[in-house]
Amino acid sequence: MFCCPYMWRSGGEDLQGFYPVRPECQSDVPRTRFKSRAGKTLSARRWHAAFTEDGHLDMEKVLRRIQRGGIHPSIKGAVWEFLSGCYDPDSTFDERTKLRNQRREQYGAWKEECKNMVPVVGSGKYITMAVVSENGQPIEDSSVENQGWVVKTAVTDERILQWMLSLHQIGLDVARTDRYLSFYENDINQSKLWDVLAVYTWLNLDIGYVQGMNDICSPMIILFEDEADAFWCFERVMRRLRENFRATATSMGVQTQLGVLSQVIKTVDPRLHQHLEDLDGGEYLFAIRMLMVLFRREFSFLDALYLWELMWAMEYNPNMFATYEELENRNNNAADDPKLLKRYGKFERKYVNSGKNERHSNTIAVFVVASVLQTKNKRLLKEAKGLDDVVQILGDIAGNLDAKKACKEALKIHEKFLKKANRQ
Amino acid sequence: MGAYRAEDDYDYLFKVVLTGDSGVGKSNLLSRFTRNDFSNDSRATIGVEFATRSIQCDDKIVKAQIWDTAGQERYRAITSAYYRGAVGALLVYDVTRHVTFENVERWLKELRDHTDANIVIMLVGNKADLRHLRAISTEDAKGFAERENTFFMETSALEALNVENAFTEVLTEIYRVVSKKALEAGDDPTTALPKGQTINVGGRDDISAVKKPGCCSA
């Protein structure tokens, strides 16, 4: 996997080979800008050297690298497990192996539960036609499309019904998730994505399955060979995203983030905010997709992953693992301890430093959107005469954004925002 | 100035929305109409996307601003916000999936709850190329459209069948209503309705002019 030193130094390594695109789709996808850079990108060699003999990880060093130049594709999955809070860098190899095995078993049990309700789960196939009606009656003519399986008796359990109603929607979306990647030419990989989303939905019925989760989950299926590992990384990443997907008849969770975005723009660029408000865009609904699927549609596959790991490194909080596992936090007084502070990502550090509560809903993604708006500030002010123009101008960023630059700008805007907000 | 400015030479701007269940082909209908493009690998629409295209009606240029919405019910709080100001709608179902036709009634209510009473609506049965998988007959859908006073057409975004017709029909009808209304008011429609302003189809009195049902089909 790891290529020759000469190629490495020249930066000419063909990273596209890690996530090949189907030849007939080459022209449909944005070009990839990410390059692995010696001295900046976290390489496999650096990564392995960051562990002590028993497996403790020097997260500070790792974070510094990632924030400078991302992660080499050969080790992405392994590093993401720490960035997403799956594992504690302060644990040993043995402890992590034990935890991994427990989690694989747990996932297996959940999947079995789902399989007992709908045997298509885990069969290497998936469902694309509704299997029950909203009142729980079986839909028999779905049989052919659904691999010969049908619900035989009316479903009366409300939770099971809710879950079953989402299965074909997941299937419809899986069938059109990242189809330009050769990876998904293989039906088994598609059904793996369906299985993980189906199990996740079963465990999260309060939110359920919402379109866009497939875009978040797809990279995990590609990065992790073991389906259970993919599930857990997805589950952890969703901890910070899931509220966006919460939908009621009158609102969607992501609107909370849009509200923050509105506050940010109003604070750092009042003229632009006013202009958008005049165009009836003060709700910033046009930014929904960027926040829901974390810029998956604006970047090539590899560049989106690069952006994600930059954002997660910047948002990294050493208490994340403990919080997710519902353990007691160890680093409570980070603001007074410069050594502890270094273990936070750049973005998160600012909050801790400013004495703000660590549990804030402001994610760096909001500030990345703000930075995108700022780069288009002139055109938006001058050319946008309606919301359609706004959408069009922002649409032009597809394939033209630099992930690193966008994050750097996001940090600047964040700082400016904190300063101004503190003054008020 | 961006290149897209050149297209902005128009007499009328009509806002049109695409609605209907998930996976019925709304985005591909839009890309077929605006870019003559169809993608087997198109992805689920998140929230709302849009595209424009101008067509000629009489000697006037009509620019359609078409908003494409996510099909999943969960997105309805967001997508319905975009219905406001729409003067036309294509309500799409998939002729091979019965459920998507059953839900048309719900979409229709949604549209009527959120838009002007005079909105021009066309029921569109897409994927007509999948003849061997058809689950909804043309007659059934036509009958429904007649009862509901909407236009109706069957299309195939894949084979570019009737896509042009469907959009043009809706736009022409809106144009007819608008110019008739302006004429009645004794105004020259061009000057009465300044450029860049989205047009409302007008008061309840011209309902009959708007909803001539089922004028054409596949």
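Order of the sequence lines sets the chain letters (A, B, ...), proteins ahead of strands, with each chain counted from 1. Not measured: the values here are computed from a predicted model.
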[X] versus chain A, heavy atoms under 4.5 Å apart: side chain, backbone, both or neither?
{"X": "B/Y82", "value": "side chain"}
{"X": "B/T45", "value": "backbone"}
{"X": "B/A135", "value": "neither"}

[X] versus chain B, the contacting section by heavy-atom distance below 4.5 Å:
{"X": "A/V210", "result": "both"}
{"X": "A/L172", "result": "side chain"}
{"X": "A/T248", "result": "backbone"}

### Within 45° cone of B/F33 ring axis and under 6.0 Å: B/R53 NZ or CZ
yes
### Query
Is it true that the side chains of B/T155 and B/N126 contain a donor and an acceptor less than 3.5 Å apart?
yes
### Query
Would you call the rings of B/F152 and B/Y93 parallel, tilted or perpendicular, where under 30° means parallel and over 60° means perpendicular?
parallel
## Note on the structure
Most contact-rich option vs chain A, by heavy-atom pairs under 4.5 angstrom, among B/A77, B/G71, B/A70, B/G23, is B/A77
### Message
Counting heavy-atom pairs closer than 4.5 Å to chain B, which one of A/I288, A/T250, A/L285, A/D173 comes out on top?
### Response
A/L285
### Message
Quick check for you: among A/Q169, A/R22, A/Q211, which has the greatest number of heavy-atom pairs under 4.5 Å with chain B?
### Response
A/Q211
### Query
Is a salt bridge present between A/D178 and A/R296, judged by a nitrogen-to-oxygen distance below 4.0 Å?
yes
